[in-house]
There are 2 protein chains.
Amino acid sequence: MATRTDAPTRREQILKEAARLFAERGFHGVGVDEIGAAVGISGPGLYRHFPGKDAMLAELLVGISEQLLTGARRRLAETGGAAGPEAVLDSLIEGHIDFALDDRPLITLHDRELDRLRDSDRKLVRQLQRQYVELWVEVVRKVHPGLAEPAARSAVHSVFGLLNSTPHLGRPGSSPGRAATAGLLHRMARGAFAAASPAAG
Amino acid sequence: MATRTDAPTRREQILKEAARLFAERGFHGVGVDEIGAAVGISGPGLYRHFPGKDAMLAELLVGISEQLLTGARRRLAETGGAAGPEAVLDSLIEGHIDFALDDRPLITLHDRELDRLRDSDRKLVRQLQRQYVELWVEVVRKVHPGLAEPAARSAVHSVFGLLNSTPHLGRPGSSPGRAATAGLLHRMARGAFAAASPAAG
DNA sequence: CCATCAGGTTAACGAGCGCTAACGTCCCTG
DNA sequence: CAGGGACGTTAGCGCTCGTTAACCTGATGG
């Protein structure tokens, strides 16, 4: 019988620590020796698990993009049929906020270190990101039909900027607490979308 | 008599190109030779104008922070007396949007490369940023008295995230055009603040 | 009981970096 | 017309980095 949720493998440890370090000091600012030290082994030992430093970043960024996209598709499928588009949008916002609050280092990496990837990986990540954005755009336009498509796309990007501000919001366990912060971000995102339409007073 | 606005000096050229390169590939990802090449001189020639690579980044970040803060104070002084706090908030938003749209590389650097600074410079930048945030917080709380101070501070940080999303919004001259983008961002920022209060329906 | 292999170790290489040294060349000024 | 400062250049130093090579060890399994 397997242990509950299978204790984190070495690869996963490495990815987690690498994400934290990359987010703190940037991809080029972190040496492989530091990443190794963070998981208790030393520098070149990492090469038993990854072909190189680039590969760690690639796996992180692709993983983030896939996780966001598949999560959004799942939420769309679950919420889409039963309730109206408003419920779908709320679910998308909730999912993004959960991710931004629980994996702050990854959110930081997601739009910061994309240019350090090999061409093929970068193309893949951008494609996943684009699909994620387009999924949001469709839902937003159902909730706010007065919004033209280019404006909706800009609005989605801007709301991502709003939701991804979590790294600036004081460390977990500080001022407002997680639930309050999530609620605040959710209301602000909805308010921002609602105000995006030029017609709205 | 001086020429109109004094043709850009070598220092200013260097700072502008360095900002662009740092924003594109990160502080550690850009070599001094590249910065030199971007202004038509080669690597070590930069050291006639700056004591080191770090100094360029420091001057950029301190300059940004000072420009934002002094601009906000000026707007507060100009708009504060005559009209109500709503007009002040609109003016702050407008100023921040102008900056985010006109100096995208600087906006990118502003919250990305802060940790690469020497301790003293980083302290200075953080202090300027904090004053800028607090100025916003006060104005926001006058417009939305139902908002507690910690929530207001979080809301301000989140709206900065929204406004600073301009680098993701398609290069200048694309889809919506500058005025339309500025208007969209402005409405969304106001909508986000308005929705931040828990009481709001 | 020994072969294998996963997962480490240390040593060292080659490239690239920021920066300094030494030198050249205008241009301004007394 | 000296002389000096502003502003370049190229050569090269010292260091750090990512990566490879060579070796070690403990668990596994036929």
Side-chain angles (χ1 to χ4, degrees), chain A residues 1-3 6-61 109 113-122, chain B residues 1-3 6-61 109 113-122:
Chain A
M1 154 189 347
T3 62
D6 271 350
T9 169
R10 193 30 63 94
R11 268 184 72 92
E12 292 165 345
Q13 285 182 51
I14 294 171
L15 284 175
K16 182 182 168 187
E17 294 302 311
R20 184 179 54 81
L21 290 167
F22 289 160
E24 282 174 6
R25 298 207 290 285
F27 179 68
H28 292 293
V30 180
V32 290
D33 289 353
E34 287 178 272
I35 305 176
V39 298
I41 71 182
S42 219
L46 297 170
Y47 287 75
R48 297 288 169 194
H49 305 275
F50 294 92
K53 191 186 166 193
D54 301 341
M56 302 179 204
L57 181 64
E59 189 156 328
L60 283 171
L61 292 185
L109 285 183
E113 305 286 358
L114 181 62
D115 302 328
R116 277 58 153 180
L117 256 49
R118 290 187 7 249
D119 273 19
S120 60
D121 291 322
R122 188 172 55 243
Chain B
M1 167 189 328
T3 61
D6 271 349
T9 168
R10 196 25 66 92
R11 268 184 73 91
E12 291 166 344
Q13 284 182 51
I14 294 170
L15 284 175
K16 182 183 169 188
E17 295 302 311
R20 184 179 54 81
L21 290 168
F22 289 161
E24 281 174 8
R25 297 207 291 285
F27 179 68
H28 292 294
V30 180
V32 290
D33 288 353
E34 287 178 273
I35 305 176
V39 298
I41 70 181
S42 221
L46 297 170
Y47 288 76
R48 298 287 168 194
H49 305 276
F50 294 92
K53 191 185 164 193
D54 301 343
M56 303 179 202
L57 181 64
E59 190 157 328
L60 283 171
L61 292 184
L109 285 183
E113 306 285 359
L114 181 61
D115 302 328
R116 278 55 151 184
L117 257 50
R118 290 187 8 250
D119 272 20
S120 61
D121 291 322
R122 189 172 55 244

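In what follows, every chain begins at residue 1, and chains take the letters A, B, ... in the order their sequences are listed.
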Can you check the [X] [atom1] to [N] [atom2] distance for me, whole Å?
| X | N | atom1 | atom2 | result |
| --- | --- | --- | --- | --- |
| B/F50 | D/dC7 | CZ | P | 12 Å |
| A/D33 | D/dC15 | CG | P | 17 Å |
| A/E12 | C/dG7 | CD | C1' | 17 Å |
| A/L46 | C/dT10 | CG | C1' | 15 Å |
| A/Y47 | D/dC23 | OH | C1' | 19 Å |
| A/K53 | D/dT16 | NZ | P | 15 Å |
| B/D54 | C/dC17 | CG | P | 16 Å |
| B/R48 | C/dT20 | CZ | C1' | 10 Å |

_Among C/dT9, D/dA11, C/dG7, the one nearest A/S42 by side-chain distance_ = C/dT9
*Picking from C/dA21, D/dT19, C/dG8, which would you name as closest to the side chain of A/I41?*
C/dG8
Give a yes or no on whether the backbone of [Y] and the side-chain of [X] come within a donor-acceptor separation of less than 3.5 Å.
| X | Y | result |
| --- | --- | --- |
| A/R122 | A/L114 | no |
| B/R116 | B/D54 | no |
| B/E17 | B/V39 | no |

Hey, does [X] reach any base, or is it just sugar-phosphate, or nothing, if we go heavy atoms under 4.0 Å?
| X | result |
| --- | --- |
| B/V30 | sugar-phosphate |
| B/G31 | sugar-phosphate |
| A/G52 | sugar-phosphate |

*asked:* Can a side-chain donor-acceptor contact be found between A/R118 and A/S120 if the only test is distance below 3.5 angstrom?
replied: yes
*Side-chain N or O of B/H49 less than 4.0 angstrom from OP1 or OP2 on D/dA6?*
no
*Does a nitrogen or oxygen in the side chain of B/R10 sit under 4.0 Å from OP1 or OP2 of D/dG8?*
yes
*Flag the pair B/K16 and B/E12 as a salt bridge only when some basic side-chain nitrogen lies within less than 4.0 angstrom of an acidic carboxylate oxygen.*
no
